[in-house]
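Chain naming here is simple, since letters A, B, ... match the order of the sequence lines and numbering starts at 1 in each.
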Amino acid sequence: MASVIKSPQSRDVSPQRRASRQNFETWSWLFMRVSGIILFFLALVHFFIMHILHDVTTTTVAFVAARYQNPLWKIFDWLLLSLGLLHGTNGLRYIMDDYVRSPLKRVLVKSTVYGVSGILFFVGTLTIITFK
Amino acid sequence: MTTTIAKTGSVDAMELLTVHLRIKRYNPEVDTKPHWEEFEVQQKASDTVLNALHNIKWTVDGTLSFRRSCAHGVCGSDAMVINGENKLSCVNLISDVGTDLVIEPIRGLPVIKDLIVDMEPFFAQYRSVIPYLIAEDDPGYKERYQSQEDRARYDDTTKCILCACCTTSCPVYWANGEYVGPAAIVNAHRFIFDSRDQGTERRLDILNQKSGVWRCRTSFNCTEACPRGIKVTQAIEEVKRAILYDRV
Ligand code: SF4
Ligand code: SF4
Ligand code: FES
């Protein structure tokens with residue numbers, strides 16, 4: 001038989017393609033990288049405005065109200081809140097999977113951590129949306 | 001790169017030195033937990049740590065147990081923690097590591113006796129990544145051609161001697177024995193990036209699990225520990241990228 005050597009990684013050599021290649025773990029890892037970079041800049045801007053440009057002691061309701069005149073700052077704050085919480089909680093998920101080995105403890109610790117971050121997200125979002 | 005053997009430097013290689021060793025010992029028949037024992041032996045500066053261990057075993061205490069085979073950095077059987085770092089005892093000279101040595105079994109695997117650990121979990125993880133060539137088509141009366149560039153892609157990871165220095169230096173592996181560990185990923189990389197291999201997707205699927213590459217936190221312990229100088233963390237990153245882009 002005269003044989004033609006196909007490149008082994010060409011599609012017709014491995015015909016059964018998998019249904020899904022990337023999975024939750026893949027995207028969760030990518031999310032950590034991307035959100036990490038975005039958070040770095042968000043946190044830098046936040047820190048500069050709140051701690052260098054203004055003194056924390058001047059952060060009054062009036063100050064926040066003036067700032068929230070511009071809805072872009074609401075979006076900024078909400079991004080910082082949600083990305084920070086998601087990034088932090090997902091990081092804790094890795095750590096809990098590695099260090100909390102007993103199944104019972106893991107359920108308890110995980111539900112506490114997810115519950116607390118869920119509440120923080122809800123309260124934070126509510127504050128940003130309803131602030132007058 | 002071949003296995004690193006440190007230079008003797010300016011020290012007189014033949015000069016006899018008193019080497020003080022503190023070794024973590026465990027005898028499953030009498031001990032409930034490991035304990036430390038101290039030894040003093042005379043060694044040349046050009047001797048290896050393995051020479052000192054042999055000296056103890058052959059002249060001081062015959063019950064001291066450790067693995068070794070080739071004594072030349074080839075077989076990978078004598079990984080141990082020497083002064084806090086994972087090393088092969090046979091390629092580290094006294095003149096390099098000093099005359100005060102603290103020696104422990106590698107971490108993260110169950111100790112059987114003294115410096116001997118149960119390597120089975122490690123080898124099971126190695127086997128789990130299908131570490132052999134899968135090429136089911138018939139190439140006919142021809143070679144499976146591979147260009148020099150294609151061969152170069154996985155050259156670094158062919159050098160692994162399965163010593164477990166990397167995996168047992170990984171903080172994630174210490175905590176979570178389900179993680180396949182850097183050594184298994186290095187050996188998967190060896191075949192994932194081999195243009196003749198056809199099992200790439202299966203291996204990527206295995207390493208895309210919760211116990212796979214995503215457990216790695218890029219802390220580089222493994223790269224520092226590898227006695228073969230393999231860029232372990234880089235190999236792991238290449239596998240991560242191959243999964244992410246679904247392309248090798
Ligand atoms: S780089 Fe990854 S595999 Fe290597 S020691 Fe760190 S966490 Fe472990
Ligand atoms: S990658 Fe290096 S440290 Fe890890 S098992 Fe192979 S030779 Fe040993
Ligand atoms: S005894 Fe073979 S590598 Fe050290």
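Remark: B:Gln148 CD is loosely packed, at most 12 non-hydrogen atoms of other residues, nucleotides or ligands lying under 6.0 Å away. Atom CH2 of A:Trp73 has more than 12 neighbouring heavy atoms from other residues, nucleotides or ligands inside a 6.0 Å radius.
B:Arg217 and A:Asp98 are joined by a salt bridge, as a carboxylate oxygen and a charged side-chain nitrogen come within less than 4.0 angstrom of each other.
The closest side-chain heavy-atom distance from A:Arg21 to B:Leu244 is not below 4.5 Å.
A:Tyr99 and B:Pro171 make their closest contact through OH-O, 3.9 Å (heavy atoms, listed as atom of the first residue, atom of the second, distance).
From A:Phe24, atom CZ reaches atom NZ of B:Lys210 across 8.5 Å, with rounding to the nearest 0.5 Å. A:Thr26 contributes atom OG1, which lies 11.0 Å from atom CG of B:Leu207 (distance to the nearest 0.5 angstrom). Rounding to the nearest 0.5 angstrom, the gap separating the CD atom in A:Glu25 from the CD1 atom in B:Ile243 is 10.5 Å.
The greatest number of non-hydrogen atom pairs below 4.5 Å with chain B, out of A:Asp97, A:Ile95, A:Leu30, is found for A:Asp97.
If you check the side chains of A:Arg101 and B:Asn176, you find a donor sitting under 3.5 Å from an acceptor.
For B:Ser211, no part lies near chain A; criterion is any non-hydrogen pair under 4.5 Å. Proximity to chain A is absent for every atom of B:Tyr179, based on heavy atoms less than 4.5 angstrom apart.
When each of A:Phe31, A:Trp29, A:Tyr94 is tested with B:Trp214 by the rule ring pair (Phe, Tyr, Trp, His ring centres under 6.0 Å), just one qualifies, namely A:Trp29.
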